[in-house]
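Below you'll find the structure, written out as C-alpha cells, and then a few comments.
Given the structure is predicted, the values throughout are model-derived calculations rather than measurements.
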Amino acid sequence: MKDEAIKRMIQEHEGYRDEVYLDSVGKPTCGWGHLLAKGSKVPEEAARAFFQEDYRAAKADYLSLVRHYNLDLEPVRRAVLIDMLFNMGFSRVRGFRRMLAALAVDDYELAADEMLDSKWAIQVGKRAIELSRMMREGEV
C-alpha cells in the first residue's frame with residue numbers, strides 16, 4: 001500500500017473528532033487519534049490553528065461583554081479585555097464584576113485597580129501589571 005492509502009485507512013479506523021475526548025484507555029485525544037500527552041510536541045502549524053481559534057473565541061466573548069455591560073472601549077482598552085478573555089476565558093472574566101462595572105462608567109482607574117486586586121494578577125505577574133497600566137492609561 002502507498003502512504004496515502006495507509007493514511008486514509010488509519011483515518012477511517014480512528015475517526016475524526018474536533019473535540020478533545022478520552023480514548024478507550026482514558027487518555028485525552030483529538031483529531032484522528034492524536035494523543036495529547038504531557039511533553040508531547042505540537043507542530044507550529046497546529047499551535048497557530050489553536051491560537052487562531054482561541055483568539056476568535058476571545059473576540060466573540062468580548063462582543064458578549066460589550067452587549068451585556070453596554071461597553072464602548074477604545075482600541076487599547078478593548079485589547080486588554082480581549083487579552084484577559086484569551087488568557088482566562090469568559091466565565092472567569094465575568095467574575096471581575098467590579099472591574100466590568102467600572103468599565104461601564106468609564107472609571108479606568110478603578111478597573112485597573114480591580115485587575116490588580118485578584119488571584120489572576122498574582123498568577124500572571126508582569127502580564128497583569130502591563131495590562132492594568134494599559135487599562136489605566138489607554139495607551140500601549
Exercise. Under a 4.5 Å cut-off applied to non-hydrogen side-chain atoms, are I6 and K2 in contact?
Worked result: no
Problem set entry | Interatomic spacing from CE in M115 to CD1 in I129 - rounded to 0.5 Å | 11.0 Å
For this session: Give the intermediate values and the outcome of side chain to side chain contact (heavy atoms under 4.5 Å, CB included) for residues L71 and R78.
Result: CA-CA 9 Å; L71 301 177; R78 178 175 60 235; over 6 Å; no
Exercise. Under 6.0 Å from the six-membered ring centre of Y21 and within 45° of its axis: does the NZ or CZ of R17 meet both?
Worked result: yes
Exercise. Do the rings of F96 and W120 sit parallel, tilted or perpendicular, given the 30° and 60° boundaries?
Worked result: perpendicular
Problem set entry | side chain to side chain contact (heavy atoms under 4.5 Å, CB included) between S40 and L35, intermediate numbers included | CA-CA 8 Å; S40 61; L35 178 63; over 6 Å; no
Exercise. Do T29 and L36 have side-chain heavy atoms sitting under 4.5 Å apart?
Worked result: no
Exercise. Got a salt bridge between E130 and K126, using NZ or NE/NH1/NH2 to carboxylate O under 4.0 Å?
Worked result: no
Exercise. Does N87 reach the side chain of R127, with side-chain heavy atoms less than 4.5 Å apart?
Worked result: yes
Problem set entry | D23, CG: over 12 other non-hydrogen atoms inside 6.0 angstrom | yes
Problem set entry | Step-by-step side chain to side chain contact (heavy atoms under 4.5 Å, CB included) determination, M1 to R8 | CA-CA 11 Å; M1 288 179 84; R8 282 192 304 275; over 6 Å; no
Exercise. Salt bridge between R98 and D113, side-chain N to carboxylate O under 4.0 Å?
Worked result: no
For this session: Determine whether Y55 and V140 fall in the same hydrophobic cluster, where Ile, Leu, Val, Met, Phe, Trp and Tyr are linked whenever their side-chain heavy atoms lie under 4.5 Å apart.
Result: yes
For this session: Evaluate the criterion side chain to side chain contact (heavy atoms under 4.5 Å, CB included) for residue pair L85 and F90; output intermediate values, then yes/no.
Result: CA-CA 6 Å; L85 286 159; F90 186 73; 4.2 Å; yes
Exercise. Take atom CD in E74; do more than 12 heavy atoms of anything else shown fall under 6.0 Å from it?
Worked result: yes
For this session: Would you confirm whether R77, through its side chain, and R136, through its main-chain N or O, come within 3.5 Å as a donor-acceptor pair?
Result: yes
For this session: Look at R56 together with E53 and state whether they make a salt bridge at an N to O cut-off of under 4.0 Å.
Result: yes
For this session: Give a yes or no on whether the backbone of A128 and the side-chain of S132 come within a donor-acceptor separation of less than 3.5 Å.
Result: yes
Problem set entry | Atom pair OH (Y69) and OG (S64), whose distance is rounded to the nearest 0.5 Å | 11.5 Å
Problem set entry | Value rounded to 0.5 Å, distance of CG in L81 from CG in L131 | 9.5 Å
Exercise. Between D106 and Y108, is a side chain to side chain donor-acceptor pair (under 3.5 Å) present by the stated rule, with each step listed?
Worked result: CA-CA 6 Å; D106 300 332; Y108 305 118; 3.1 Å; yes
Seminar exercise, completed: Rounded to the nearest 0.5 angstrom, the CG-CD distance for D107 and E114 is 9.5 Å
